[in-house]
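Along the sequence shown, the residues carry numbers beginning at 1.
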Amino acid sequence: MKRIQLLFVLVLGMNNLNSFAQSSEITSELKENVLLYNQKINELVVRHEGNGFVINKEARIPMKSGTSVVLNFAMMEGKWYHFVFVGDPGSKKLKANLYFEGQGDYVQDKIMVQRDNEFWTEFSFICPQTGMYELDLFQKSQIQKPLAYLMIFEKKSGGEVQNRN
């Protein structure tokens with residue numbers, strides 16, 4: 001199963017490399033970025049599955065540099081979710097905000113990629129209230145269409161947290 005996931009991620013990366021070819025010259029740096037991106041996705045899947053999480057949702061996110069993408073997710077009260085946003089290794093900045101209308105931001109995470117040499121962000125969230133949540137993703141990059149991948153893990157059975165009220 002993990003080999004199939006790795007193959008799928010590598011194929012996605014190669015598709016991204018082909019899209020680079022249409023808009024710019026494929027450099028060794030771009031090839032290296034695709035390789036780092038795919039390795040990081042696979043590493044994070046293995047790590048979180050080993051910690052008792054299963055993938056609830058995952059997708060390559062079509063992004064433009066400097067433009068936010070807002071995604072909506074239904075989440076259940078008491079469930080433990082883990083969000084992983086892998087950006088382009090050549091990006092300058094990554095940002096993820098998780099919020100609930102009327103409540104505001106629950107999580108706000110910003111990474112300066114060139115300073116920290118990290119091109120992913122991740123956080124856990126125990127849902128306090130059932131409903132539709134919004135995840136706002138942002139990436140600033142030198143290329144127009146940077147690599148972007150989102151994984152939402154959910155704790156396997158037993159990952160529900162009981163309300164103490």
Self-check item: Minimum side-chain heavy-atom gap Leu98-Phe123 below 4.5 Å
Solution: yes
Quiz prompt | Pair Lys140-Lys95, side-chain contact (heavy atoms from CB on, under 4.5 Å): steps then yes or no | solution = CA-CA 9 Å; Lys140 184 74 174 164; Lys95 186 173 152 187; over 6 Å; no
Quiz item: Is it true that a side-chain atom of Ser65 and a backbone atom of Ser141 form a donor plus acceptor pair closer than 3.5 Å?
Solution: yes
Practice problem: Identify the heavy atoms of Pro89 and Leu36 that sit nearest to each other, and give their distance. | Solution: CG-CB, 4.0 Å
Quiz item: Would a 4.5 Å heavy-atom cut-off, applied to side chains only, mark Leu44 and Val86 as touching?
Solution: yes
Quiz item: Rounded to the nearest 0.5 Å, how far apart are CD1 of Ile143 and CE of Met63?
Solution: 11.5 Å
Quiz item: Can you find a pair of side-chain heavy atoms, one from Lys93 and one from Phe138, that are under 4.5 Å apart?
Solution: yes
Quiz item: Roughly how far, to the nearest 0.5 Å, is CZ of Phe119 from CG of Leu94?
Solution: 9.5 Å
Quiz item: Can any side-chain N or O of Thr130 pair as donor or acceptor with the backbone N or O of Glu77 at less than 3.5 Å?
Solution: yes
Quiz item: So, does Asp88 use its side chain to make a donor-acceptor pair with the main chain of Pro146 at under 3.5 Å?
Solution: no
Quiz item: Ignoring hydrogens and geometry, is there a side-chain-to-backbone donor-acceptor pair from Asn38 to Val34 under 3.5 Å?
Solution: yes
Exercise. Would you sort out whether Phe153 and Val84 count as a side-chain contact (heavy atoms from CB on, under 4.5 Å), showing the intermediate values?
Key: CA-CA 8 Å; Phe153 294 88; Val84 178; 3.8 Å; yes
Quiz item: How close do Pro128 and Tyr106 get, heavy atom to heavy atom, and via which atoms?
Solution: CG-OH, 3.6 Å
Quiz item: Within a strict 4.5 Å, meaning less than it, do heavy atoms of the Leu71 and Leu137 side chains meet?
Solution: yes
Quiz item: How about Phe85 and Met151: do any of their side-chain heavy atoms sit closer than 4.5 Å?
Solution: no
Practice problem: Give, for atom OH of Tyr81 and atom OG of Ser124, the distance between the pair rounded to the nearest 0.5 Å. | Solution: 12.5 Å
Exercise. May I ask you to decide if Asn51's main-chain N or O and Lys155's side chain share a donor-acceptor pair within less than 3.5 Å?
Key: yes
Quiz item: Under 4.5 Å between any side-chain heavy atoms of Glu49 and Ile55, yes or no?
Solution: yes
Quiz item: Okay, side chain of Gln139, backbone of Leu147: is any donor-acceptor separation there less than 3.5 Å?
Solution: yes
Quiz item: When you measure from the side chain of Tyr37 to the backbone N and O of Ala148, does any donor-acceptor pair fall under 3.5 Å?
Solution: yes
Quiz prompt | Option from Phe100, Tyr133, Trp80, Phe73 for which ring-ring contact (aromatic ring centres under 6.0 Å, His included) with Phe125 holds | solution = Tyr133
Quiz item: Counting N and O atoms only, with roles assigned by atom type, does the side chain of Tyr99 sit under 3.5 Å from a partner on the main chain of Asp136, one being a donor and the other an acceptor?
Solution: no
Quiz item: Hey, what do you get for CG (Leu35) to NZ (Lys40), rounding to the nearest 0.5 Å?
Solution: 12.5 Å
Self-check item: same_hphob_cluster(Met76, Ile152) at 4.5 Å side-chain heavy-atom cutoff
Solution: yes
Exercise. Measure the acute angle between the ring planes of Phe53 and His48, then classify it against the limits of 30° and 60° as parallel, tilted or perpendicular.
Key: perpendicular
Exercise. In sequence, state the C-alpha distance, the side-chain angles, and the governing distance for Phe83 and Leu135, and then conclude on side-chain contact (heavy atoms from CB on, under 4.5 Å).
Key: CA-CA 10 Å; Phe83 291 80; Leu135 181 65; 3.9 Å; yes
Self-check item: Smallest separation among heavy atoms of Pro62 and Val69, with atom names
Solution: O-CG2, 3.9 Å
Quiz item: Any salt bridge between Glu122 and Arg47, counting N to O under 4.0 Å?
Solution: yes
Exercise. Please round to the nearest 0.5 Å and tell me the distance separating atom CD of Gln144 and atom OG1 of Thr67.
Key: 7.5 Å
